[in-house]
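Read the numbers this way: they start at 1 and go in the same order the structure lists the ligands and their atoms.
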Amino acid sequence: METKKLVAQMLQGNNRALARLISLLENRESQIAIMKEVSPHTGKAYTLGITGPPGVGKSTLISRLVSHIRKQGLTVGVLCVDPTSPFSGGSLLGDRIRMDEISQDPGVFIRSLATRHNLGGLSPTAREAIKLLDAAGKDIIIVETVGVGQVQWDIKKVADSVLVVLIPGLGDNIQIMKAGIMEIADIFVLNMADREGADDMLNELKLSFRPLNSTWQPPVIPTVSIFNEGICDLYAAVVAHRTFMEEEGLLQQNRRERDLYYLVEMVKTALEDEVERLLVEKEEFRKIGEQVKNTTMDPYTGADKMVKMILSGS
Ligand SMILES: Nc1nc2c(ncn2[C@@H]2O[C@H](COP(=O)(O)OP(=O)(O)OP(=O)(O)O)[C@@H](O)[C@H]2O)c(=O)[nH]1
Ligand SMILES: [Mg+2]
């Protein structure tokens, strides 16, 4: 009952209700209840994923970008994912300070989400939080992740455009990065362009990355976030990418593919939970577990039996 009321308030644009609902996502039962209510109201927001190695200026860049987007009369939601990552230890406080100037604006909603995965990966509630911001009427949603490990791939599964932030001096690593972080970029941002080596890095980036199967050539935009330079160009590149995606029909296609992916993920999670429950609560399942444990049954036979029992509803 409480969630229904909160959802109604959130749909009216109440940021306090939105914050409360994001907290409630941590509990799976309330998460499902909330998401069922909220889903029909989603699909309007445009999501930007901003990723890159630790400390390249992502948060500073985001605060500048948010101010720029606000000047266009659009509202913004920002999610900083993975602030507790060992790679960016302590950045939560730093992010708060950097985002301070924009956080007083009621048209901006900022929230940090801690990840529960040790190996990286988007926090399981990140996708749902994005949908809540969407339903709450934020026009643009920005998700900051540290581009290490699994997160770099996960961001592609939630964002309409992915911005990869790099800095001068990473040149030697381009070949290595090509296999990972680079492949997900729709737009490259060369931040800290005030630093030595910026021109070389810019040229190297421009030469290194040609589109594979797409007609979209990821642009490389130099920025100096601390001095608010290059932000207009960067936003123009975002708008260009969005227009390209819409005109090619790719925006809707990608969103549908992502929904399908998450449908399968959700079913998998639900089944996993169910198996854990059955192994504890149901005598027949417990027995199979015991037999596999004391090697009187091999795990293949055990799994086969359990799947058949689940599918037949016994
Ligand atoms: N010289 C220079 N410094 C910058 C620039 N942009 C950001 N910085 C500084 O770089 C440091 C890191 O900035 P953040 O915005 O916290 O970087 P981040 O990528 O969000 O860091 P994590 O979230 O910890 O990965 C801060 O001290 C910024 O002031 C820039 O364009 N030029
Ligand atoms: Mg940051």
Report task. Apply side-chain hydrogen bond (donor to acceptor under 3.5 Å, both in side chains) to the pair Thr125 and Gln31, showing each step before the final yes or no. Result -> CA-CA 9 Å; Thr125 53; Gln31 181 189 104; over 6 Å; no
Requested in this report: For side chain to side chain contact (heavy atoms under 4.5 Å, CB included), just list the numbers for Phe285 and Val275, CA-CA rounded to whole Å, side-chain angles, deciding distance to a tenth of an Å, and then say yes or no.
Outcome: CA-CA 9 Å; Phe285 284 79; Val275 170; over 6 Å; no
Query raised in the report: For Glu265 and Lys268, what are the C-alpha separation, side-chain angles and deciding distance, and is it a salt bridge (Lys or Arg N to Asp or Glu O under 4.0 Å)?
Result: CA-CA 5 Å; Glu265 286 299 299; Lys268 277 194 215 166; 3.4 Å; yes
Requested in this report: For Arg242 and Asp186, run salt bridge (Lys or Arg N to Asp or Glu O under 4.0 Å): C-alpha distance rounded to whole Å, both residues' side-chain angles, the deciding distance at 0.1 Å, then the answer.
Outcome: CA-CA 10 Å; Arg242 180 178 184 163; Asp186 297 308; over 6 Å; no
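Listed by atom number, the atoms of ligand 1 under 4.0 Å from Glu144 heavy atoms are 20 (O), 23 (O). Ligand-side atoms of ligand 1 in range of Pro54: 25 (O), range being under 4.0 angstrom from any heavy atom.
Checking Asp134 against Thr42 by side-chain atom types alone, no donor-acceptor pair falls below 3.5 Å. Between the side chains of Lys156 and Asn254, no donor-acceptor pair of N or O atoms lies under 3.5 Å.
Between atom 7 (C) of ligand 1 and the options Leu61, Val224, Leu190, Thr60, the minimum heavy-atom separation is to Thr60. The nearest non-hydrogen atom to atom 31 (O) of ligand 1, considering only Gly230, Ser225, Ser59, comes from Ser225.
In this structure, Asp259 CG and Met266 CE are separated by 7.5 Å, a value rounded to the nearest 0.5 Å.
Not a single heavy atom of Glu229 sits under 4.0 Å from any atom of ligand 1.
The atom name of the N/O/S atom in Glu144 closest to the Mg ion (ligand 2) is OE2.
The N/O atoms of Asp194, backbone and side chain alike, include one that comes under 3.5 Å of an N/O atom in ligand 1. Where the criterion is an N or O separation shorter than 3.5 Å, residue side chain and backbone included, Met192 meets it with respect to ligand 1. Taking any N or O of Ala193, backbone or side chain, none lies under 3.5 Å from an N or O belonging to ligand 1.
Put simply, Thr60 stays out of reach of the Mg ion (ligand 2), with no N, O or S atom under 2.8 Å from it.
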